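Following: one structure in structure tokens, then a few remarks.
Keep in mind that this is a model prediction, so the values were computed, not measured. Lettering of chains follows the sequences in order, A, B, ..., and the numbering in each one begins at 1.
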Amino acid sequence: MQDEYNVSAIQDKWLPIWDQIKPFDSGRKDDQRPKKYVLDMFPYPSGDLHMGHAEAYALGDVIARYWIQRGYNVMHPIGWDAFGLPAENAAIKRGLDPRGWTYENIAQQKTSMRRYACSFDWDRVLQTCDPIYYRWNQWLFLEFYKRGLAYRKNSNVNWCPSCQTVLANEQVVQGLCERCDSTVTKKALTQWYFKVTDYADRLLDDLNELEGNWPQKVITMQRNWIGRSFGANVKFQIEGRGEPVTVYTTRPDTLYGATFMVVAADSDLAAELAAEAGPDVRMKFASYLDEVKKSNDIERLSLERKKTGVFLERYGINPLSGERVPIWASDYVLADYGTGMIMAVPAHDERDMDFALEMDLPIRMVVDTGEENPEISKVATAGDGKLVNSGELDGLAKKEAIARAIEILEQRQMGERSKNFRLRDWLISRQRYWGTPIPIIHCDACGEVPVPTEQLPVELPDSDGLDLQPKGSSPLGAASDWVNVSCPKCGSAAKRDSDTMDTFVDSSWYFLRYLNPNSETEAFNLDQAKQWAPVDQYVGGVTHAILHLLYSRFFTKVLHDMGMVDFQEPFTRLLNQGMVLMNGSAMSKSRGNLVRLSEQLDEHGVDAIRLTMAFAGPPEDDIDWADVSPAASAKFLARAWRIAHDVQSTTAAEVESGDRAVRSVTHAFLKDFTDAIEGFKFNVGVAKCMELTNVLRKAIDTGCGPADPAVREGAEELAKGLSLFAPYTAEDMWQQLGFEPSVAQAGFREVDESLLVKDTLTAVVQVDGKLRDKFEVSTGISEEELRALALGSAAVARAMDGKEAKNIIVRAPKLVNISTK
RNA sequence: GCCCCGAUAGCCCAAUGGCAGAGGCAGGCGACUUAAAAUCGCCACAGUGUGGGUUCGAGUCCCACUCGGGGCACCA
């Protein structure tokens, strides 16, 4: 046993011992402990771990280790989100095989993670690029397909010219590619989709159950993203067209104010309406459409941009007023929202107002909101008010008018109540190599034919000889041995679908795969799912607030409907950790402010870095590495270690006979520490450990001395508390105290409430809210006694300065407040 | 433009409506030492972004504003 705290020695010493005793094995059949599933978002293997990983895994580990310490059977697995573009791009750049590159990175990260001493169950590791994993992506895809939840359609999709692949809506941020920041363009392509919109209502409504357990921010972002609105579908007859067209509006009350209609320029309907107009219109429309197609989302969404459009010289008939309204085509109406056509009410909609002003179209106020008449002010009013100029709706308030308008439309069979979502279906096919092949075979005779499940997995062909350079179509198409197959239905020559799946498919259900990551016979075991799932605590960055979390929620609901899981939400609680910054900005090589994790670990030790991460502040806040001091963390750990080292009583010491004041501090620590950790206030938890350390130091040096059993009791609980942040140090302390490993499972002492009760405390007297006197009183003092004491105080009399006490509030035993006003 | 979160000491951060300070960093002083490091001890520093309000009492609750961060933003 060493006499000095030696960081590198204890790191080398404990790792092999933990490997042997496996304190974090969650797979024991006879385990009687209650269950807890703690999950960290799995990493992408793009090189070694960095500071951001170090923070995330330090915090997740605090939670996992806390519940182990509290006697739970904690499943805390890790794996790798191993498919995806970065591996492929890096592989292309270096002329390597993406597979080899990926597995090398995984090996390196795994080594780093083990050294970082995360409480992972290393028997549950998964890698999404393993056929044994992605086979079940394919199986799930086919199950979705069977249920009509996976389908192919042709539409204008987001296209990243740099990545040379399509993107899901969620992957386009401000018109830019989420990955590479290129400007995203549109392209008409036939692509695979998952029908998330079928689940839109549930995805929105079930957010209510997460309230309080997920960060409000994430819930709000998901609500915005799903974007449900209620309104009405309204039919307008079109002159010279047999069928009426339907428009969606949230304001059917303003129907009488509809002075024109607008159809999305890039919609089929616009093309049709233009085609049947005069040659003049056809020409103007064609050139306008050309321009619209050239512009990208950034230009389209620019606020300064003037509205543009073409009058189609066609007219619709207002179903309520019978009025004839002109139809325009414009790009400010979206083809893929609602019906791609709107009724425009410039008086009460800012966008329609802008268009009306631009094109000199009439404005008619139909809701008097009390603001200036929009016909004059040229400013649209959207608030509540009284309906005017609206026939049978006149005099009604907005809400009643909406209901009444829908009622009338329904009576006349010219419309009905309706709702719409901002959420679109999830585009899942990608024209890249390093992903899960879509298990469909295209046959000229039979069409889309699912690969029979017994033929799964459809393994990725070797990348040898394939050109992985992005070129707009999947590299797999060129793997002729692989792509050419016979149709499973009719046997004639057919081709495999050569696209691969979005990697967000992989991560949408991985938390269930951890239950039995090596199974060849099922995606996950249903009984195991009953036992372990859903995830009790999920930990990860807020960057996945929409994408990954929405998709996982969608998958969970589908799996629920398939009868495979008995819950509807995958992640019961969610903690979003912040980022690690340096001098106020994100670390990057190009900024020159990169802090290397490996160097930090070498310099200060694993425990000090982990502790620094936990102590820096609330977990959801960003950590500026310039503001924290890993050296100070190391110093504190040495100080804590010496406490254990200095203890002179044996494990047989009777704590009851120990110094009461020290014991009282230890038990208060147990209570406060527990509260802090459960409330995610890890920084406070660390501070409590420091406080206890300070008290024990004093007790040893100048108090009851190192042989007092109370000091041992305190040191033991300190080691257990520290085990959440600094596993090596804590384990070594535990050994210094005479115990066998592992401290991770030692379990906190029960809080002895009787030790928390104090005989006396300091009561304070305020005069008009200001502190004027204080004195020691018995905790059992009565209100009358305390009042008398306060009124008898000379300091209080001075403060009252002869004024009369108007009101005396007594809160025995702590406080008296005398007001004189 | 709309919505959300935040603002406490030189810095990072604590504080069930009840004494503004738990903890740390940086700083100062002292003990130990031949000296330094390490260690140990002690000290100082703000009245809580601004202005109102509720209350016996407000960092904490309410309203308005300023600044900072984040989200959404032609979705009819």
Side-chain angles (χ1 to χ4, degrees), chain A residues 4 174 215-221 223-225 227-229 231-232 234 247-252 254 258 261-262 264 297 300-303 305 307 330-334 336-345 348-352 354-355 382 420-424 542 545-546 578 611-612 615-618 620-624 626-629 631-633 635-636 638-639 642 672 675-676 681 683-694 697-698 700-702 762-774 805-811 814-821:
Chain A
E4 266 178 28
Q174 310 269 305
Q216 193 54 50
K217 189 177 164 180
V218 175
I219 294 177
T220 306
M221 283 169 76
R223 285 200 179 119
N224 286 343
W225 187 261
R228 181 169 59 194
S229 74
V234 185
V247 303
Y248 172 71
T249 178
T250 55
R251 295 293 304 276
T254 62
M261 298 175 81
V262 185
D297 271 12
R300 207 176 59 77
L301 293 176
S302 157
L303 287 176
R305 206 179 72 118
K307 292 216 169 2
S330 172
D331 65 351
Y332 89 88
V333 170
L334 306 175
D336 61 349
Y337 183 81
T339 60
M341 187 162 180
I342 62 156
M343 62 177 220
V345 185
H348 306 294
D349 183 285
E350 197 188 329
R351 298 151 299 179
D352 296 344
D354 290 346
F355 192 79
N420 256 299
F421 295 93
R422 219 189 79 114
L423 180 74
R424 309 293 150 89
V542 74
I546 296 175
L611 188 81
T612 302
F615 186 51
E620 56 276 9
D621 287 6
D622 290 344
I623 297 174
D624 194 326
D627 290 337
V628 297
S629 173
S633 298
K635 223 159 93 177
F636 162 68
R639 184 172 156 86
R642 279 195 303 276
D672 295 347
D675 290 348
K681 295 190 280 189
N683 53 330
V684 178
V686 173
K688 294 293 167 198
C689 290
M690 292 173 168
E691 209 178 338
L692 178 60
T693 304
N694 292 343
R697 183 76 263 154
K698 199 171 261 179
I700 291 169
D701 291 347
T702 57
T762 309
V764 300
V765 186
Q766 300 172 332
V767 177
D768 293 328
K770 289 210 172 72
L771 176 70
R772 294 303 182 190
D773 199 6
K774 49 171 98 175
K806 286 259 163 54
N807 195 0
I808 303 176
I809 308 288
V810 183
R811 292 279 178 273
K814 280 163 68 180
L815 173 135
V816 178
N817 189 19
I818 303 167
S819 64
T820 62
K821 288 175 278 201

> Can you tell me how far C1' in B:G68 sits from the matching atom in B:G49, rounded to whole Å?
Replying inline: 11 Å

>> Between B:G52 and B:U60, how far apart are the two P atoms, rounded to whole Å?
In response: 14 Å

>> I'd like to check A:Asn683 versus A:Lys681 (side-chain heavy atoms, cut-off strictly below 4.5 Å). Are they in contact?
In response: yes

> Within a radius of less than 6.0 Å around CD of A:Gln216, do more than 12 heavy atoms belonging to other residues, nucleotides or ligands occur?
Replying inline: yes

> Would you call B:G47 syn or anti, using the 90° rule around 0?
Replying inline: syn

>> Base, sugar-phosphate or nothing for A:Thr702? Non-hydrogen atoms, less than 4.0 Å.
In response: nothing

>> Does the structure show a Watson-Crick or G-U wobble partner for B:U48, both distances under 3.5 Å? Name it, or say none.
In response: none

> How about A:Met690 and A:Arg639: do any of their side-chain heavy atoms sit closer than 4.5 Å?
Replying inline: no

>> Counting C-beta onward and ignoring hydrogens, is there a side-chain heavy-atom pair between A:Ser629 and A:Thr612 closer than 4.5 Å?
In response: no

> Of the nucleotides B:A22, B:C25, B:C12, which one has an atom closest to the side chain of A:Ala632?
Replying inline: B:C25

> Does B:C72 pair with anything, Watson-Crick or G-U wobble, both distances under 3.5 Å, and if so, with which nucleotide?
Replying inline: B:G1

> Between B:C12, B:A76, B:A22, which nucleotide has the shortest distance from any of its atoms to the side chain of A:Leu334?
Replying inline: B:A76

> Can you tell which of B:G24, B:A73, B:G18 lies closest to the side chain of A:Arg422?
Replying inline: B:A73

> On a whole-Å scale, what distance lies between the P atoms belonging to B:C45 and B:G10?
Replying inline: 11 Å

> So does A:Tyr337 get a side-chain nitrogen or oxygen closer than 4.0 Å to the phosphate oxygens (OP1/OP2) of B:A76?
Replying inline: yes

> Within the structure shown, what part of the strands sits under 4.0 Å from A:Arg424 by heavy-atom distance: base, sugar-phosphate, or nothing?
Replying inline: base

>> Given B:A22, B:C13, B:A76, identify the nucleotide with an atom nearest to the side chain of A:Pro618.
In response: B:C13

>> Taking pairing as Watson-Crick or G-U wobble with both contacts under 3.5 Å, can you name the mate of B:U39, or confirm there isn't one?
In response: B:A31

> What is the distance, rounded to the nearest whole Å, between atom CZ of A:Phe615 and atom C1' of B:C12?
Replying inline: 8 Å

>> Would you compute the distance between atom CD1 of A:Ile623 and atom CZ of A:Phe615 and round it to the nearest 0.5 angstrom?
In response: 12.0 Å

>> To the closest 0.5 Å, what do you measure between CD1 (A:Ile219) and CZ (A:Arg223)?
In response: 6.0 Å

> What nucleotide among B:C13, B:C56, B:C11 has an atom nearest to a side-chain atom of A:Ser819?
Replying inline: B:C56

> With both distances kept under 3.5 Å, what pairs with B:U54, Watson-Crick or G-U wobble?
Replying inline: none

>> Output the rounded distance in Å from CG (A:Leu423) to P (B:C72).
In response: 14 Å

>> In whole Å, I'd like the distance from the CZ atom of A:Arg223 to the P atom of B:G70.
In response: 23 Å

>> Has A:Asp352 got a side-chain atom pairing as donor or acceptor with A:Val345's backbone, closer than 3.5 angstrom?
In response: yes

> Taking the C1' atom of each, how far is B:A9 from B:A26, in whole Å?
Replying inline: 12 Å

>> Judged by each residue's nearest nucleotide on RNA chain B, which is more toward the 5′ side, A:Ala616 or A:Met343?
In response: A:Ala616

>> Let's test this: given Watson-Crick or G-U wobble pairing with both distances under 3.5 Å, identify the partner of B:U60.
In response: none

>> Measuring only the C1' atom in each nucleotide, how far is B:A58 from B:G18? A whole number of Å is fine.
In response: 10 Å

>> Can you check the distance between B:A36 and B:U48, where both ends of the measurement are the P atom (answer in whole Å)?
In response: 43 Å

> Which value, rounded to the nearest 0.5 Å, describes the distance between A:Thr250 atom OG1 and A:Asn420 atom CG?
Replying inline: 10.0 Å

Quick test: give all pairs of protein nitrogen or oxygen and nucleotides 37-41 of chain B nitrogen or oxygen below 3.5 Å, distance rounded to 0.1 Å.
unit_1: B:U39; atom_1: O3'; unit_2: A:Arg642; atom_2: NH2; d: 3.0
unit_1: B:C40; atom_1: OP1; unit_2: A:Arg639; atom_2: NH1; d: 2.5
unit_1: B:C40; atom_1: OP1; unit_2: A:Arg642; atom_2: NH2; d: 3.3

> What is the distance from CD of A:Gln766 to P of B:G47, rounded to the nearest Å?
Replying inline: 20 Å

> Base, sugar-phosphate, or nothing: which does A:Val628 touch, judged by heavy atoms less than 4.0 Å apart?
Replying inline: nothing

>> If I pick the C1' atom on B:A44 and the same atom on B:A7, what distance separates them, to the nearest angstrom?
In response: 25 Å

For nucleotides 2-7 of chain B, list the nitrogen or oxygen atoms of the protein found under 3.5 Å from its nitrogen or oxygen atoms, one pair per line.
none

> Heavy atoms under 4.0 Å, any strand shown: does A:Glu691 hit a base, just sugar-phosphate, or nothing?
Replying inline: sugar-phosphate

> Which heavy-atom pair separates A:Thr339 from A:Tyr248 by the least distance, and what is that distance?
Replying inline: OG1-N, 3.9 Å

> Which one is paired to B:A14, where only Watson-Crick or G-U wobble pairs with both distances under 3.5 angstrom count?
Replying inline: none

> For A:Leu611 and B:C25, what is the distance between atoms CG and P respectively, to the nearest whole Å?
Replying inline: 12 Å

>> Pairing check on B:U8: which nucleotide meets the Watson-Crick or G-U wobble criteria with it, both distances under 3.5 Å?
In response: none

>> Just so I know, are the side chains of A:Thr254 and A:Met343 near enough to count as touching, which here means a heavy-atom distance under 4.5 Å?
In response: yes

>> Within this structure, what is the CD1-OH distance for the pair A:Ile342 and A:Tyr337, rounded to the nearest 0.5 Å?
In response: 12.0 Å

> What about A:Lys307: does its side chain form a donor-acceptor pair under 3.5 Å with the base of B:C74?
Replying inline: yes

> When you measure from the side chain of A:Val764, which nucleotide among B:C19, B:C13, B:C56 comes out closest?
Replying inline: B:C19

> Going from CD on A:Gln766 to CG on A:Asp773, what distance comes out if it is rounded to the nearest 0.5 angstrom?
Replying inline: 12.0 Å

> Which whole-number value in Å describes the distance from A:Lys681 NZ to B:C13 P?
Replying inline: 15 Å

>> Distance check needed: B:G57 C1' versus A:Ile809 CD1, whole Å only.
In response: 8 Å

> Within the pair A:Asn420 and B:A76, is there a side-chain N or O less than 4.0 Å away from OP1 or OP2?
Replying inline: no

> Between B:G1 and B:A20, how far is it from one C1' atom to the other, in whole Å?
Replying inline: 39 Å

>> Among residues at least two apart in sequence or on other chains, which ones pass side chain to side chain contact (heavy atoms under 4.5 Å, CB included) with A:Arg228?
In response: A:Asp201, A:Leu204, A:Asp205, A:Phe230, A:Lys419, A:Phe421

>> Taking the nucleotide of RNA chain B with the nearest heavy atom to each, does A:Asn224 or A:Arg228 sit closer to the 5' end?
In response: A:Asn224

> Whole-Å distance between B:U16 P and A:Asp672 CG?
Replying inline: 11 Å

> Does the B:C56 base have a donor-acceptor partner in the side chain of A:Asn807 within less than 3.5 Å?
Replying inline: no

